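Contents: one structure, followed by commentary.
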2 protein chains.
Amino acid sequence: MHEATLTIGQLADRSGVAPSALRYYERLGLISAARTGGNQRRYARTELRRVAFVRISQQVGVSLDEIREALDSLPAGRTPTPEDWAALSRAWRDRLDERIRLLGKLRDDLDGCIGCGCLSLQRCTLYNPGDSLAAEGPGARLVLPRD
Amino acid sequence: MHEATLTIGQLADRSGVAPSALRYYERLGLISAARTGGNQRRYARTELRRVAFVRISQQVGVSLDEIREALDSLPAGRTPTPEDWAALSRAWRDRLDERIRLLGKLRDDLDGCIGCGCLSLQRCTLYNPGDSLAAEGPGARLVLPRD
DNA sequence: CCTTGAGGTGAAGTTCGCTTGAGGTTCGAG
DNA sequence: CTCGAACCTCAAGCGAACTTCACCTCAAGG
């Protein structure tokens, strides 16, 4: 046990990601593997980190394509250091903050609507943020944040 | 102006939702419309509230299918009161709180990882929550919250 | 040696939330 | 009455993120 490399099944068990998904990730260039003489994948243990980073990034709401770009920025040639990984994580941190902020605002707005019992097109900030729509004729337009 | 009903184009402009999406919502049973003699849709103004509720619910992370279920729980026959809408909004409130909590936890965990510079499979709570995996043999399994 | 289960490939299928396209109809201003 | 914009339906397409399928090979235990 504790061998140098992992089979796809082992990586799947360890990461909680299905083998089919791991192959898919490989096609997208998110992870990579050496091959045995019989063409089977053998993963370096460091790939586990990459898989982990992928899943965490997805939770943050990043697309696989963007995750690939981020992973591409890791130093080629040498095994990424902890500091390399930390740098990537920091990049996501801001996005995470922003998402949390947006959801918080949504919750507050929703609270406001519950408070006034309205969901009203006339008064609710969810519908008529800053009354900025009044100039465009009668009736509010529903404008929700694009992201 | 300020007529009793809205054409699909008017509802689209007011709600910020494309006509094609509104037709799609109708197929799913999220909204409904009367028809003119010439088969064109005419929306009651209250449909604007339904559309708004749909978009807000999507922001909360609810699927169209669940939104339909929620809308189905509105009283049939009479126009929903503000209190009816408030009840629906309250139901989402908990989900929103939960999502915010999860993202917050993810952020904290990510902070921890940045702090220790690790993304380590041995130490990081993101990977080995509560050390509960130690019993299942050597090596941690990546376990992220299902939702 | 034989079997069995893990692995491999490529193509096609799935779900979600819409959009696009083709081809035809209706509405309302002039 | 005419004309163009807006509307209609139905079917197909799209992109993301995978899974499933058919079919074939490889690796290890009895």
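What you are looking at is a predicted structure, and each value in this text was computed from that prediction instead of being measured. Naming: A, B, ... by sequence-line order, numbering from 1 per chain.
In terms of phosphate contacts, B:T7 brings no side-chain nitrogen or oxygen within less than 4.0 Å of OP1 or OP2 of C:dC27. Between A:R41 and C:dG8, a side-chain N or O to OP1/OP2 separation shorter than 4.0 Å is present.
Read 5' to 3', the first and last nucleotides of DNA chain D with an atom closer than 4.0 Å to a heavy atom of chain A are D:dA17 to D:dC26.
Exactly one of B:I31, B:T7, B:V51, B:L48 qualifies for a side-chain contact (heavy atoms from CB on, under 4.5 Å) with B:Y43. That residue is B:I31.
Using a 4.5 Å heavy-atom threshold, the side chains of B:F53 and B:L30 count as separate. In this structure the side chain of A:R14 reaches within 4.5 angstrom of the side chain of A:R45, judged on heavy atoms.
A search for side-chain contact (heavy atoms from CB on, under 4.5 Å) contacts involving B:R27 returns B:Y24, not counting sequence neighbours. Considering only residues two or more places apart in sequence or on other chains, A:R95 meets the side-chain contact (heavy atoms from CB on, under 4.5 Å) condition with A:V60, A:V62, A:E66, A:W92. By the side chain to side chain donor-acceptor pair (under 3.5 Å) test, A:D97 pairs with A:R93, B:R107, sequence neighbours left out. Residues forming a side-chain contact (heavy atoms from CB on, under 4.5 Å) with B:T36 (at least two apart in sequence, or on another chain): B:Q40, B:R42. Residues meeting the side-chain contact (heavy atoms from CB on, under 4.5 Å) test with B:D65, sequence neighbours left out: B:S63, B:R68, B:E69.
The stretch residues 31-40 of chain B touches DNA chain D through B:R35, B:N39, B:Q40, each having a heavy atom under 4.0 angstrom from the strand.
Proximity of a side-chain donor or acceptor of B:E47 to a complementary backbone N or O of B:S32 within less than 3.5 Å is detected.
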Reading nucleotides 12-20 of chain C 5' to 3', which nucleotides get B (base under 4.0 Å from a protein heavy atom), which S (sugar-phosphate only), which -? -----BBBB
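Note on A:R78 versus A:D84: salt bridge recorded, some NZ/NE/NH1/NH2 to OD/OE distance being below 4.0 Å.
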